Trainee: 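This structure is in structure tokens; I'll ask about it shortly.
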Amino acid sequence: MANIDTKEYSPESPSVKSRLTWLWSEYSVIIAFVIIYIGASAMNPRFLDINNQLNILMQVSIIGIIALGMTVVMLSGGIDLSVGSVLALAGVISVLALNASGSILVGVFTALLVGSFAGFLNGLMVAKGRIASFIATLGMMAGARSIALYIAEGGSVSGEVSGFTAIANNNLWIFDFPVIIFFVMAVLIYVLMHKTRFGRYVYALGSNEKAAMLSAIRVDRIKIGVYTLIGTLVGIAAVIETSRLNSISSSSSGSQYELDAIAAVIIGGTRMTGGRGKIIGTIFGILILGILNNMMNLMNVSPHLQGFVKGLIIIIAVVFQKRE
Amino acid sequence: MEMHPFVAMNGIEKSFNGVPVLKKVTLEVERGEIHALLGENGAGKSTLMNILGGVHQPDSGQILIGGEEIKLANPHVSQAQGISFIHQELNMVGDLRVYENMFLGSEIRTRFGFLNVEEMCRQTHEILAQLGVSIDPKEYVRNLATSYKQLIEISKALLHKSQLIIMDEPTTSLAEHEVSRLFILMKNLKKSGVSIIYISHKLKEIQEVCDRYTVLRDGQLVKTDIMQNENLEVITKLMVGKSISQDRYVHEHEFGELALEVQGLTSTGLFKHIDFTVRQGEIVGFTGLAGDGRTELFESLFGYRKKYTGTVKVKGKPVHITHPRKALQAGMGYVPKDRKENAIIKDLSVIHNMSLSSMGNFERMGFIQDKKEQEQFNTYKKALNIKVHNPRITIDKLSGGNQQKVIIAKWLEAETDILIFDNPTQGIDVGAKQEIYQQILTLAKLGKAIIILSSEAPEVMRICHSIHVMYHGEITARFTGDEASEEEIMHYATGAKREGEKIG
């Protein structure tokens with residue numbers, strides 16, 4: 001049976017080179033993060049200032065929460081383009097519910113409900129309607145934004161309940177609430193993906209849908225669950241976004257969030273076609289994006305050029321991943 | 001008269017991974033001859049043809065075309081020598097038009113570099129007319145019937161001025177009248193001096209159209225002769241070979257009660273009127289040729305396909321299975337064929353592949369217990385002799401046999417009473433094959449009802465208590481394991497013979 005042994009991975013005798021490739025393939029995003037972090041500290045002393053560091057965390061927390069959900073969707077082999085629009089819609093409706101009821105709890109609950117319902121609809125279209133996720137969520141993207149604009153008559157709506165702004169603007173010790181919510185969510189999603197059968201099924205489905213189904217996995221339900229999950233996370237993000245300025249704009253809030261979230265997931269090493277990737281990777285991906293934005297602001301790079309740098313980073317990240 | 005045969009392959013030897021596939025095979029094809037290449041699955045037919053098509057290189061031996069030695073280094077060289085290979089699966093682009101498919105890669109252009117559509121259509125029309133068919137060259141290929149696609153593939157070969165056309169089972173997807181049209185075409189080609197190598201399992205067809213035949217068995221040349229002189233029985237015997245009869249594995253033990261009853265299962269275009277039963281402890285085999293519908297039948301039973309009618313009873317209780325999950329709940333497990341596409345999840349580790357269908361066994365309060373998974377895997381590793389150093393590596397790094405054992409472990413862990421194996425030893429080396437047979441027998445002794453689908457008649461003969469032969473979606477014959485002979489099975493599998501209801 002010599003031919004079996006040659007095919008097999010043998011941990012006893014890994015060459016230095018293969019060990020390095022393994023390290024790179026598993027942790028490239030962390031290595032990249034460290035390099036960028038050191039580079040940033042060297043280029044601008046203000047970068048290391050604790051307030052600046054906390055500011056970066058605060059800035060990435062909303063996209064970060066969405067990117068966690070996007071990781072799950074992309075691991076399942078799909079994509080969700082509707083997150084930005086759904087965020088605006090959930091924000092607008094939740095502010096209306098907040099003002100009408102005067103209860104913060106009702107406002108928060110409404111945002112979660114609208115977000116998860118939009119996600120559930122996406123899931124239905126993808127799983128039962130067998131529509132490509134790109135198309136289904138593109139439709140949702142246009143539809144949700146349009147409804148948000150219609151409800152808010154194209155403008156912004158503001159909260160009229162005192163205390164609502166506390167959600168995004170208070171802090172615990174040195175950490176702002178949004179940052180804490182982001183990390184709590186990150187831990188929850190990590191546990192969900194690695195310690196429960198739902199996570200296992202998502203990986204299986206993204207890797208080989210037919211084999212997953214033939215392994216008696218309810219593929220349709222998992223898909224609906226995946227889109228509902230990201231919808232709920234978008235609902236949470238909508239609460240933070242609204243609470244931060246106590247208002248939400250039906251036209252501009254959440255615009256291009258899908259791009260930033262997808263960028264973070266891709267930089268974090270998740271494979272576009274699904275089945276492979278890590279929540280940890282996405283967290284570092286979003287931090288890399290945050291540091292780059294911060295650096296460009298500190299160095300007075302024109303905001304019009306920042307998109308170019310971001311685009312470049314995404315493409316470089318994907319080129320490196322192609323080498324597997 | 002020519003001195004040399006048109007194509008001669010002399011003393012061709014080829015081995016893959018140290019396993020010899022062809023042993024000193026000689027094949028000669030005359031000009032204007034239809035030559036049948038016969039043999040069972042794995043006899044080496046396709047390897048030999050792939051060598052002629054330039055896909056593989058022989059380890060030793062020479063290829064002569066028109067008496068001159070030629071090295072067919074790649075498919076292009078082979079094509080330039082006038083050899084065309086028409087594969088079993090057609091290589092057509094459905095969204096292109098007929099003429100575009102014909103000229104794909106060798107488009108005619110005008111002086112200005114634009115496509116010369118007129119000229120391409122004219123030539124396409126000319127060649128199709130030669131074959132006696134009238135298809136609009138501008139029709140989209142996706143709108144054509146399979147037989148026409150086959151004809152276009154052949155026209156393509158003619159367009160390249162092919163002198164030798166290799167046809168690998170061209171009739172599997174054709175209806176009877178289409179087959180006869182193909183045969184008329186082949187005879188016309190023969191008259192114009194084109195040679196054809198015809199691979200098929202359907203002996204009746206071969207007798208009708210072929211001039212000579214060559215039989216391969218286990219990579220060796222058995223016989224080359226003129227077709228007219230032979231009757232089908234003799235040829236079947238040559239293909240099967242009496243010498244290699246392997247011992248049957250079956251040890252008699254008592255069967256339990258009925259585990260699975262299937263009545264009148266029908267799915268339009270795939271299979272019809274399927275009746276059979278499986279008892280606990282019984283191993284039931286299904287065999288047939290490509291396109292017999294057995295895989296579709298069991299994919300339907302397992303709930304992967306939904307459009308079927310008929311009744312299914314598990315342990316006497318009628319069940320309606322619309323999803324593999326329901327099949328699992330009813331007590332059915334399914335080890336599919338084409339492991340890479342249907343069974344393994346290559347991004348998951350070996351352990352995770354094992355536990356995938358029975359996550360409930362490894363959970364506490366909804367959380368997966370890694371330790372439990374690991375321990376359970378170790379029991380299967382020992383019981384099934386799975387060779388893996390570190391079960392946390394992804395499953396695609398294992399050899400085929402070990403992958404298959406992991407998939408079997410997955411269904412053992414799901415503890416189903418009925419186990420369906422589709423081509424269980426596909427792409428597995430001989431040693432692991434025996435182990436898998438042994439394992440299946442052990443399971444049967446433990447009282448599981450086992451169904452084995454295989455395209456290899458010897459395989460089902462070796463381990464099954466009873467055998468069902470399928471042809472075009474119907475069960476054409478039933479044998480008990482010890483009364484079946486390979487020739488008999490072949491007769492029913494090729495549609496040469498059929499019987500209404502014979503049950504042992």
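The structure presented is a predicted model; accordingly, all values stated were derived computationally and were not measured.
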Trainee: Check A:Lys210 with B:Glu341, please: is the shortest side-chain N to carboxylate O separation under 4.0 Å?
Mentor: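 The answer is no: the pair does not qualify as a salt bridge.
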
Trainee: Looking only at atom types and distance, does a side-chain atom of A:Ser215 sit under 3.5 Å from a main-chain N or O of B:Ser357, one as donor and one as acceptor?
Mentor: no

Trainee: Between B:Met359 and A:Thr196, is a side-chain contact (heavy atoms from CB on, under 4.5 Å) present by the stated rule, with each step listed?
Mentor: CA-CA 9 Å; B:Met359 293 306 302; A:Thr196 73; over 6 Å; no

Trainee: Please check if atom NZ in B:Lys372 has more than 12 non-hydrogen atoms from other residues, nucleotides or ligands closer than 6.0 Å.
Mentor: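 Counting neighbours around NZ of B:Lys372, more than 12 heavy atoms of other residues, nucleotides or ligands fall under 6.0 Å, so yes.
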
Trainee: With a 6.0 Å cut-off (strictly less than), is the heavy-atom count around OH of B:Tyr437, excluding the residue itself, greater than 12?
Mentor: yes

Trainee: Step by step, work out the side-chain contact (heavy atoms from CB on, under 4.5 Å) result for B:Arg325 and A:Met213.
Mentor: CA-CA 8 Å; B:Arg325 184 96 220 156; A:Met213 185 157 173; over 6 Å; no

Trainee: Salt bridge or not for A:Arg200 and B:Glu373, using N-O below 4.0 Å?
Mentor: yes

Trainee: Would you say A:Leu105 has more than 12 foreign heavy atoms packed within less than 6.0 Å of its CG?
Mentor: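 Count not over threshold, so no.
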
Trainee: What part of B:Phe367 lies closer than 4.5 angstrom to a heavy atom of chain A: side chain, backbone, both or neither?
Mentor: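 B:Phe367 touches chain A through backbone and side-chain heavy atoms alike.
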
Trainee: For B:Ser358, is it the side chain, the backbone, both or neither that has a heavy atom under 4.5 Å from a heavy atom of chain A?
Mentor: neither

Trainee: Of the backbone (N, CA, C, O) and the side chain (C-beta and beyond), which part of A:Val191 lies under 4.5 Å from a heavy atom of chain B, both, or neither?
Mentor: side chain

Trainee: Chain A heavy atoms under 4.5 Å from B:Asp370: which part of the residue, side chain, backbone, both or neither?
Mentor: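 Interface part for B:Asp370: side chain.
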
Trainee: Answer with side chain, backbone, both or neither: which region of B:Ala343 has an atom nearer than 4.5 Å to a non-hydrogen atom of chain A?
Mentor: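 Answer is backbone: N, CA, C or O of B:Ala343 sit under 4.5 Å from chain A.
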
Trainee: Looking at every heavy atom in both B:Leu356 and A:Tyr201, which two are closest together, and how far apart are they?
Mentor: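 Heavy-atom minimum between the residues: O-CE2, 3.7 Å.
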
Trainee: Rounded to the nearest 0.5 Å, how far apart are CG of A:Asn208 and CG of B:Asp396?
Mentor: 11.5 Å

Trainee: If you count heavy-atom pairs under 4.5 Å between each of B:His323, B:Arg339, B:Glu299, B:Lys410 and chain A, which one has the most?
Mentor: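 Among the listed options, the one with the most contacts to chain A is B:His323.
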
Trainee: Taking all atoms of both residues into account, what is the closest heavy-atom pair of A:Ala211 and B:Ile344, and its distance?
Mentor: CB-O, 3.8 Å

Trainee: So does A:Phe198 have more than 12 non-hydrogen atoms from other groups sitting under 6.0 Å from CZ?
Mentor: yes

Trainee: Cut-off 3.5 Å, side chains only: do B:Lys346 and A:Ser207 have a donor facing an acceptor?
Mentor: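 Their side chains do not contain a donor-acceptor pair, so the 3.5 Å distance test is not met.
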
Trainee: Output the option from A:Arg197, A:His194, A:Glu209 having the highest count of non-hydrogen pairs under 4.5 Å with chain B.
Mentor: A:Arg197

Trainee: Check A:Ala204 against B:Leu348 and note the closest heavy-atom contact, atom names and distance.
Mentor: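 Smallest heavy-atom distance, with atoms named: CB-CD1, 4.0 Å.
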
Trainee: Find out whether A:Leu214 and B:Tyr304 are in side-chain contact, i.e. whether some heavy atom of one side chain is under 4.5 Å from a heavy atom of the other.
Mentor: yes

